[in-house]
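See structure below.
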Amino acid sequence: MPTPTDLGLPETPAFASRVDDELALRLYRSMLRMRRLEKRAYDLFLQNLVKGTSHLALGQEAIAAAFGEAMRADDWTFATYRGHAHTLARSVPMEPVMAELLGRSTGLLSGKGGSMHLTSVEHHMMGSYAIVGAHLTVANGAAWSAQLRGTDQVAVCFFGDGTTNIGAFHEALNLAATWRLPVVFVCENNFWMEYTPIDTVTAVPRPAADRSAAYGLEPVFVDGNDVLAMYDAASAALARARSGDGPTLVEAATYRHGGHSRADPGKYRAEDEIRAWLARDPIDTYRGHLVATGVDEARLKEIDDDVARELDEATEAAKAAPPPDVDLVERDVWADGGASWRN
Amino acid sequence: MPTPTDLGLPETPAFASRVDDELALRLYRSMLRMRRLEKRAYDLFLQNLVKGTSHLALGQEAIAAAFGEAMRADDWTFATYRGHAHTLARSVPMEPVMAELLGRSTGLLSGKGGSMHLTSVEHHMMGSYAIVGAHLTVANGAAWSAQLRGTDQVAVCFFGDGTTNIGAFHEALNLAATWRLPVVFVCENNFWMEYTPIDTVTAVPRPAADRSAAYGLEPVFVDGNDVLAMYDAASAALARARSGDGPTLVEAATYRHGGHSRADPGKYRAEDEIRAWLARDPIDTYRGHLVATGVDEARLKEIDDDVARELDEATEAAKAAPPPDVDLVERDVWADGGASWRN
Amino acid sequence: MARGIAQELEHDDRVVFLGEDVASAGGVFKSTVGLLDRFGPRRVRDTPISEQAILGAAMGAAMTGLRPIAEIMFSDFLAVCWDIVANEIAKTRYMTGGQVSLPLVIRTANGGGLRFGAQHSQAVENWAMAVPGLKVVAPATPRDVVGLFAAAVRDPDPVIFFEAKGLYPGKGEVPDGEIVDELGTARVLRNGRDCTIVALAAMVPRALEAAETLAGLGIDATVVDVRSLVPLDTRTILESVAATGRLFTVEENPRLVGWGAEVVSIVAEEAWSELSGPAVRITTPHVPLPSADALEDHARPSAARIVETVRKTLG
Amino acid sequence: MARGIAQELEHDDRVVFLGEDVASAGGVFKSTVGLLDRFGPRRVRDTPISEQAILGAAMGAAMTGLRPIAEIMFSDFLAVCWDIVANEIAKTRYMTGGQVSLPLVIRTANGGGLRFGAQHSQAVENWAMAVPGLKVVAPATPRDVVGLFAAAVRDPDPVIFFEAKGLYPGKGEVPDGEIVDELGTARVLRNGRDCTIVALAAMVPRALEAAETLAGLGIDATVVDVRSLVPLDTRTILESVAATGRLFTVEENPRLVGWGAEVVSIVAEEAWSELSGPAVRITTPHVPLPSADALEDHARPSAARIVETVRKTLG
Ligand SMILES: Cc1ncc(C[n+]2csc(CCOP(=O)(O)OP(=O)(O)O)c2C)c(N)n1
Ligand SMILES: Cc1ncc(C[n+]2csc(CCOP(=O)(O)OP(=O)(O)O)c2C)c(N)n1
Ligand SMILES: [Mg+2]
Ligand SMILES: [Mg+2]
């Protein structure tokens, strides 16, 4: 398992790019919303209020936040089962997200989808897909639709390092490149495919960047814990897509703080691996950077409080909501709202 | 569509490698068997004696012949629906091949498989697979078995340029490289995916060679119409596999003289494209090379006659054989020889 | 078939068509010749051999305002993109609580008869029928090909459209003008007193032929063309069984868990008391399809086998 | 489960085991913990997320002398490698005229109950049943998990082994020593006069519970655990129906073309005259599975629903 410095990453994120103050704070707020909501979700698991499985993006927030800010409101997000952060990044309110995790009728999907399938078409968050690889091909379709209709929209598709080894990845990248589709593929390389170190099952050291040439693309490898570097990379890829120059494959190096999913304490990872990456926490280091560059701590505190309040209210409201009505079981199989397959 | 010279290929094959005389003639004979059998098969289609579909390798014989000679008797072949040449390359007699094309009881598969599925386990010809891509993963399995059992066998898997765009290609290459499997992947790039020029649907100019780096492999690009260059490439790849250094991905540039399949006259191709490639015919040019380097034409004539005789005998015998007994329909679904799924 | 696709490309400019060799080459069955010239390369598009990417593109496009028609050349190849069909396209509306609509059609050449062997000859409409969220259509006549295809393209839900490749060479009347049929409607092709024979796609002409022969033997059969497996016109089937008291199904797919089993089971539950004897399925045996003509012909249900089975059963 | 795999790795050194996270991590359901340490990295092997490559490797290895066990983590993921299952593994023996043997097992976690939502909860044993050339097994008890697994691994044909993930937390007696059961044998778990309830996998305990309740209501039910869909023990089922005259099936899969339809159809043809009333299938409705506990519990057949259906039907 390579250390961050083996990968050419600085010991802590460099934060070498510059953005205006408002954006700087929006990025902070966005990451914080993700972090806090997921920590709360984790507490609720422990209380057995969240059923099923759940995959947290704790530690990976910078990627979702940077793209969320860089994207146009009508650009589309396609995410995986590890999709809470990407959902919040598109300004989806916390309450329906939390309610969905709790399986309540007020959930984003009325309790039908659960943690792995968060979707909010209204916010152009086009879904969280739980079969590895498939959604890369679907993102192409949205991009194709934008291309045909001339809308200048871009589809952004997030996935993990392990996903680069499945067939759909290859098909999607080749089609996107051949058709010059306005799509951005973002590989969040957290170095683990569930419990398996990615380098033990992958033929190249950088699962995405070392494969871009196979699709005629330039390699793009970014510090995924540096929200400003990510913002730059996102902006560049989105601009390229919008200008008709086709797809970009971005590899963002990052790390998940916890286990793969709810059931996993993540014990298979070496102590110093975890330590090195905790020192690169995207939020703590960024907060430090903001303060060091002159942002008033009071403003940050205000955001912290704001997010805390939003979260508490969302949690309480979600917990108070009733479970979904069982009639929903036979709803929405078809466009007519029902489930009937016969006359 | 690139011309042969665009691709860095000489106008006619260079035949720069040297092999001993016996082998030189074996290669000639092997190619001739393929060519003649397939031409005969085509005549039989026209007489409506061969039913179903059929995909000829006319023009691509050098690849199959070179590997056939370079492989050890216990190495395995995995081919596609375009598998007649690869079957003959493993010394399978002509008669059961011809009988299978004619749907006779004496066919290699008793008429159950047809042209697209030629298999002779006895000759380590492990099958012809008609779903694009799948057999690359299966070849890995044989290679894995050789690796585990320490038998030094190599699996050789042939497929077309179009196949490099399907997901299974990617999965197979990554697994082979990661597990250092003794497998050789041979992409016969004939520049057409059925009726579609490969460069219109592929993100890189050389569909296989330009992707080897994605699997940590060196690019190998060979003149697939130069049987001696192919023999060298085959020998090198087999030796590498046998020594435990893992897979090779070979791209062999070639051309099919006819259409994609029986139903296709191949009219979508430009006249001068066809002309340029006919000038590179692997058999004619090789025969010329042999004569030019001092091989007695009488010896070649002897081989020609021999092959003609073998073919005539095989054709007559196959035509004389009865159709398969209909009882075969319910045979060999299971290892017990039957088709019963209930008691 | 080209006519059916052209009609829909003409009718709605959100309709687009993609697949392998469909544009420049006009399709391997020549069923899409001329579409590229008429509608241009933006709306009629050749793809790489990437069935997952093809259907994923169709799905993503359908989510965002287009109405794609995707071709999977042979239905056997649905297996290489089955995830996109069964896990993505079929489930997305449901699991998003109805947020996502997927108006798309997957057309594919299905079934045997052309001696293509086991990997290019299966009838797999039962695979699709087993997956909630898909509509499944399998026409038997040129007219239905056009009319049901139009209905499929205009339907707001994903439809898998199975074209019986054994029927491609077949001819039949297709009236002029726009034809739009209705999904979920079976058609009674022949009315008889003695039994109901329910058939689909390539088996429909065989069932009709068998019925003619049976008539000569004094057995008067009703023949129902199911046309659409999902939605399924159970009403027509149940009414017919109520009238005749006897049910036969004729399926091209291998024996186990075919659509015939579903039809028999519905009748066995809902019209048990109307049945006056066993319900009998006539199917290909539970084997992959062999290639040689003698074998393939023996494997698939023939008119003769239908006649023989009905005759023996009705005794 | 680890015990069953260990027994077979121990029994035959041609047996190898591969899959995602199965070695170092011991499986996502912790069902393979300890195997790597005991049998080493050559025989117990972690793979990339490449289901096609996994099953292709198993197939190629089985053709050349090994007896692989491949894990597909969730049965929903069979869709991403369905080509290898349905077009390659299933058909190869047949289309090569019997030349190729494929002694391999695909084990996979199947069905709902864990609130995983639509893409991780399907019961898809009917997908496999529809494909000639596959054997299909779905045990309901820990003892059968071991015994039928051994039978599957020792079988010369490819077997898809569906493990009901809703039963993983369950406990049950597994006797010491080697256990090898027999494929194609159903088991009568309870003998009753009034009706036959045929169930599979996670539905078996529910059928038994329902039978207990029904007994209290004066309805005496036979419960048959099918255990193996291919080969199918039709004899046991037909005998039971002959004795009771009434048939119910309890399926976890969505409504259409499930194994229950096959069983009902066999009975409707071969034991029609033994039936004294409609045959009734109890299934999940034809919907993908929802995630929230209230919804998932409502969707899957419960003991209460079985009781209710049987009572109403017989009443
Ligand atoms: C086709 C498929 N195979 C296996 C799985 C099980 N699975 C879920 S997540 C996962 C690991 C994914 O790793 P990666 O792509 O690196 O994403 P990460 O979870 O690290 O974000 C696996 C194997 C799946 N969901 N789909
Ligand atoms: C999965 C799949 N998709 C499509 C096809 C139909 N098909 C058969 S051959 C072929 C073209 C293959 O092109 P290539 O790999 O270049 O091989 P070639 O025929 O040129 O030898 C296609 C699309 C198939 N058999 N399998
Ligand atoms: Mg990862
Ligand atoms: Mg080609």
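Throughout, a chain's letter reflects where its sequence line sits, starting with A, and its residues are numbered from 1. Since the model is a prediction, treat every value here as computed from it, not as a measurement.
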Before giving the answer on side chain to side chain contact (heavy atoms under 4.5 Å, CB included), spell out for D:E296 and A:K51 the whole-Å C-alpha distance, their side-chain angles and the decisive distance to 0.1 Å. CA-CA 11 Å; D:E296 192 183 33; A:K51 309 289 168 58; over 6 Å; no
Going through the distances and angles, do A:V201 and D:T47 end up as a side chain to side chain contact (heavy atoms under 4.5 Å, CB included)? CA-CA 6 Å; A:V201 290; D:T47 70; 5.7 Å; no
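If you measure heavy-atom distances from D:V28 to chain A, the contacts under 4.5 Å come from both the backbone and the side chain. The contact between D:L114 and chain A is made entirely by backbone atoms, counting heavy-atom distances below 4.5 Å. In this structure, the portion of A:M116 lying under 4.5 Å from any heavy atom of chain D is its side chain and not its backbone. Proximity to chain D (any heavy atom under 4.5 Å) is shown, for A:T202, by neither the backbone nor the side chain. If you measure heavy-atom distances from A:A263 to chain D, you find no contacts under 4.5 Å at all. For D:D21, the parts lying under 4.5 angstrom from a heavy atom of chain A are both the backbone and the side chain. In this structure, the portion of D:H120 lying under 4.5 Å from any heavy atom of chain A is its side chain and not its backbone. Interface remark: A:D325 contributes backbone atoms only to the contact with chain D (heavy atom separation under 4.5 Å). Residue contact with chain D, scored on non-hydrogen atoms closer than 4.5 Å, is absent for A:T200.
Side-chain contact between D:P285 and A:V329: present, with at least one pair of heavy atoms (C-beta onward) separated by less than 4.5 Å. In this structure, D:E51 and A:I166 have side chains that are in contact, with non-hydrogen atoms separated by less than 4.5 Å. D:H286 is not listed as a side-chain neighbour of A:V333, based on a closest heavy-atom distance of 4.5 Å or more. In this structure, the side chains of D:E20 and A:M193 come closer than 4.5 Å at one or more pairs of heavy atoms. Contact of the A:Y81 side chain with the D:Q119 side chain is not registered, since no non-hydrogen atoms from C-beta on lie closer than 4.5 Å.
Closest approach of D:A25 and A:Y195 over heavy atoms only: CB-CD1, 3.2 Å. Closest heavy-atom contact between A:V326 and D:A294: CG1-O, 4.0 Å.
Residue with the most contacts toward chain D among A:S115, A:S261, A:G103, A:G52: A:G52 (heavy-atom pairs, distance under 4.5 Å). The choice from A:P323, A:S54, A:G113 that makes the most heavy-atom pairs within less than 4.5 Å of chain D is A:G113. Between chain D and the options A:G114, A:A339, A:P324, the largest number of non-hydrogen pairs under 4.5 Å is found for A:P324.
Rounding to the nearest 0.5 Å places CG of D:L256 at 9.5 Å from CZ of A:R342. Atom CZ in D:R115 sits 13.5 Å away from atom OG1 in A:T53 (nearest 0.5 Å). From A:L102, atom CG reaches atom CG of D:D293 across 10.0 Å, with rounding to the nearest 0.5 Å. For the atom pair OG (D:S291) and NE2 (A:H117), the distance works out to 7.5 Å, reported to the nearest 0.5 Å.
Side chain to side chain, D:S50 and A:N165 fail the donor-acceptor criterion of an N or O pair below 3.5 Å.
Heavy-atom neighbours of A:E271 CD from other residues, nucleotides or ligands within 6.0 Å: at or below the threshold of 12. Annotation: A:Y268, atom OH; neighbour count of heavy atoms from other residues, nucleotides and ligands within 6.0 Å is above 12.
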